[in-house]
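Everything on this sheet refers to the single structure shown next.
Every chain is numbered from 1 and lettered A, B, ... according to where its sequence line falls, protein lines coming before strand lines.
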Number of protein chains: 2
Amino acid sequence: MTNHLEQKLLSKNIKPTPVRKLVLKKLLDERVAMSLVEIERKLERMDRSSIYRTLRTFEENYLVHAIPDRNGTVRYAVCDDACTCEPRHLHLHFLCLQCNKTYCLTDNPVQIPDLPPGYEVRSADFLIKGICPSCNK
Amino acid sequence: MTNHLEQKLLSKNIKPTPVRKLVLKKLLDERVAMSLVEIERKLERMDRSSIYRTLRTFEENYLVHAIPDRNGTVRYAVCDDACTCEPRHLHLHFLCLQCNKTYCLTDNPVQIPDLPPGYEVRSADFLIKGICPSCNK
DNA sequence: TAAAACTTTGCAACCGGGTTGCATGTATTT
DNA sequence: AAATACATGCAACCCGGTTGCAAAGTTTTA
C-alpha cells in the first residue's frame, strides 16, 4: 500500500513524491533489478529523465544499489532493510542468462578476500551468471 | 616484441593482423583493463569500429575478458595464460576509485558461494572498488 | 600467375541509453 | 499572498556502441 512506500522513502530521507512512489513500487513489485529503460517501458506514461533523476536520488540516499552487467547497462535493486550500502558491504547478485533478470541474493554471505598490501577496499560487487530456478525447470 | 604478440594471438586461433597486434600490445603495455574509448584515445590513428571488432574477436576467442563497471562502461583485460574463461572460472578485479584503473587480481582465489537449489552457475565476476596501492601512498 | 573468394580495415552513418537546460508546475516557507 | 525551493516534463544533446558498405589486403583455386 501507499503508506508502506512513503515510509520506505521517508526512512531514507527522500520526499515521497508521486513519481518516486511509482518507481519504488515498480521496483518492489517486479522483485528483480531493473535498468532505467526497463522501468521506462513498464511505466509508459512517465518521462525518462524523471525516472533517471529518481534513480539517482534513490542511489544517493542508499535506497537502491546499482548492479552493472556485461553489456554496459546498469540495473537497480531496492536495498533490503539491513542493507546499509556502506563500505565493506558486499552485494551478491545473480543474472539469469536466459530471462535476463537480476536477482539479489542477500542472504548468501560472501567474504571479501584479502588483497595485497596497499589496496584499500571501499565496496564490492559479486555478480554470478547462469540459469535461474524458474528458467531451469 | 612482435613475435610474442603473434604467438599469443595464434594460440587463441586469431589471425595476427596489424590492428590486432597493436590493440593487444596496448592492453598488455598498460597492464590495466581498458574500455573501447580508452583504447581509442591511446591509439589515435586507429578507427573505432576496428578496435570494436577487434575486441569482440578477442573476447569470442577468450583472449580477453570483459569487466563491467558501475557507469555502464565495459573494460577489457587480457586473460593470463592460465585463464580459460570457462564456466566456474572466477574473475577478481579491482577498480580504483581515484585513478579509475582496473586491475586484474588473478592470484587471489575466491570461492563461488553455494546458491539456493535451482540456480545453475555459468560464470562469475567479482569487482572490488577502492583505492589502489599507487594512489594510496 | 591471374582470377575468384574471403577477410580485414576505414569511413560514415545510425542507434539508443544516459544526461542536461530550461520552463512549468507543485509544494514549502515567510 | 508572495517568495523560495523543489519536482516534473519536454526537448535537445552527447557519446559510446554498432552496422552497412566499399576499399584494401590476404588466401585459395584453377
Side-chain angles (χ1 to χ4, degrees), chain A residues 2 5-6 8-10 12-27 33-61 63-77 95 100 102, chain B residues 2 5-6 8-10 12-27 32-61 63-77 95 100-102:
Chain A
T2 301
L5 296 173
E6 291 193 356
K8 193 132 191 154
L9 290 166
L10 287 170
K12 304 282 182 173
N13 295 311
I14 303 168
K15 213 199 303 181
T17 67
V19 170
R20 290 171 184 168
K21 284 197 269 185
L22 282 172
V23 172
L24 175 58
K25 182 169 176 0
K26 189 46 80 178
L27 279 173
M34 300 174 80
S35 69
L36 171 59
V37 244
E38 282 165 359
I39 297 172
E40 193 190 3
R41 288 190 185 124
K42 296 259 178 180
L43 294 174
E44 295 246 337
R45 296 258 120 244
M46 196 174 296
D47 178 60
R48 197 175 359 154
S49 56
S50 299
I51 303 172
Y52 170 71
R53 284 186 268 238
T54 296
L55 288 172
R56 274 173 67 130
T57 305
F58 284 5
E59 202 186 358
E60 279 160 15
N61 293 282
L63 176 58
V64 303
H65 52 262
I67 312 161
D69 96 346
R70 193 167 279 256
N71 310 315
T73 46
V74 180
R75 292 199 181 74
Y76 298 88
L95 170 61
N100 214 29
T102 300
Chain B
T2 302
L5 297 172
E6 292 193 356
K8 195 131 190 155
L9 290 166
L10 287 169
K12 303 282 183 175
N13 296 311
I14 303 169
K15 212 199 305 182
T17 68
V19 170
R20 288 171 186 169
K21 284 197 269 184
L22 283 172
V23 172
L24 175 56
K25 181 167 176 4
K26 188 48 79 180
L27 279 173
V32 293
M34 300 175 79
S35 69
L36 170 59
V37 243
E38 282 163 359
I39 297 172
E40 193 190 3
R41 286 189 188 125
K42 297 260 179 182
L43 294 174
E44 295 246 337
R45 297 257 119 248
M46 195 175 295
D47 180 59
R48 195 171 5 149
S49 56
S50 299
I51 303 172
Y52 170 72
R53 284 186 270 237
T54 296
L55 289 171
R56 274 174 64 132
T57 306
F58 284 5
E59 202 186 358
E60 279 160 15
N61 293 283
L63 176 58
V64 302
H65 53 261
I67 312 161
D69 97 345
R70 194 167 277 257
N71 310 316
T73 46
V74 181
R75 293 199 180 74
Y76 299 88
L95 169 62
N100 214 30
K101 286 186 178 169
T102 300

Specify the separation, in whole Å, of atom [atom1] of [X] and atom [atom2] of [N].
X: A/Glu40; N: D/dC10; atom1: CD; atom2: C1'; result: 13 Å
X: B/Ile14; N: C/dT7; atom1: CD1; atom2: C1'; result: 15 Å
X: B/Arg20; N: D/dG25; atom1: CZ; atom2: P; result: 16 Å
X: A/Met46; N: D/dC10; atom1: CE; atom2: C1'; result: 15 Å
X: B/Lys21; N: D/dT26; atom1: NZ; atom2: P; result: 11 Å
X: A/Glu6; N: C/dA27; atom1: CD; atom2: P; result: 13 Å
X: B/Leu43; N: C/dG10; atom1: CG; atom2: P; result: 11 Å
X: B/Leu9; N: C/dT8; atom1: CG; atom2: C1'; result: 14 Å

Close N or O pairs between protein and nucleotides 18-21 of chain D (under 3.5 Å):
| residue | atom | partner | partner atom | Å |
| --- | --- | --- | --- | --- |
| D/dT18 | OP2 | B/Tyr52 | OH | 3.0 |
| D/dT18 | O5' | B/Tyr52 | OH | 2.8 |
| D/dG20 | O6 | B/Arg53 | NH2 | 3.2 |

> Counting N and O atoms only, with roles assigned by atom type, does the side chain of A/Arg20 sit under 3.5 Å from a partner on the main chain of A/Lys15, one being a donor and the other an acceptor?
Replying inline: yes
> Okay, side chain of A/Asp47, backbone of A/Ser49: is any donor-acceptor separation there less than 3.5 Å?
Replying inline: yes
> Given that B/Arg45 and B/Lys15 both sit by DNA chain C, which one's nearest nucleotide is further toward the 5' end?
Replying inline: B/Lys15
> Which part of the nucleic acid, if any, lies within contact of A/Thr17, taking any heavy atom under 4.0 Å across all strands shown: a base, the sugar-phosphate backbone alone, or nothing?
Replying inline: sugar-phosphate
> NA contact type, A/Arg41, heavy-atom cut-off 4.0 Å: base, sugar-phosphate, or nothing?
Replying inline: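 Sugar-phosphate, backbone atoms only, no base.
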> Can you find a heavy atom in the side chain of B/Ile39 that is under 4.5 Å from one in the side chain of B/Leu55?
Replying inline: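 B/Ile39 reaches B/Leu55 side chain to side chain.
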>> I want to check something: taking the side chain as every heavy atom from C-beta on, are B/Val19 and B/Arg53 in contact at a cut-off of under 4.5 Å?
In response: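 In short, these two side chains do not touch, never coming nearer than 4.5 Å.
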>> For the NZ atom on A/Lys26, are there more than 12 heavy atoms of other groups (residues, nucleotides or ligands in this structure) within a distance under 6.0 Å?
In response: yes
> When rounded to the nearest 0.5 angstrom, what is the spacing between CZ in B/Arg48 and CZ in B/Arg41?
Replying inline: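 That separation rounds to 9.5 Å.
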>> Which heavy atom of B/Lys21 sits nearest to which heavy atom of B/Pro16, and what is that distance?
In response: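 Smallest interatomic distance, heavy atoms only, reads CE-O, 3.8 Å.
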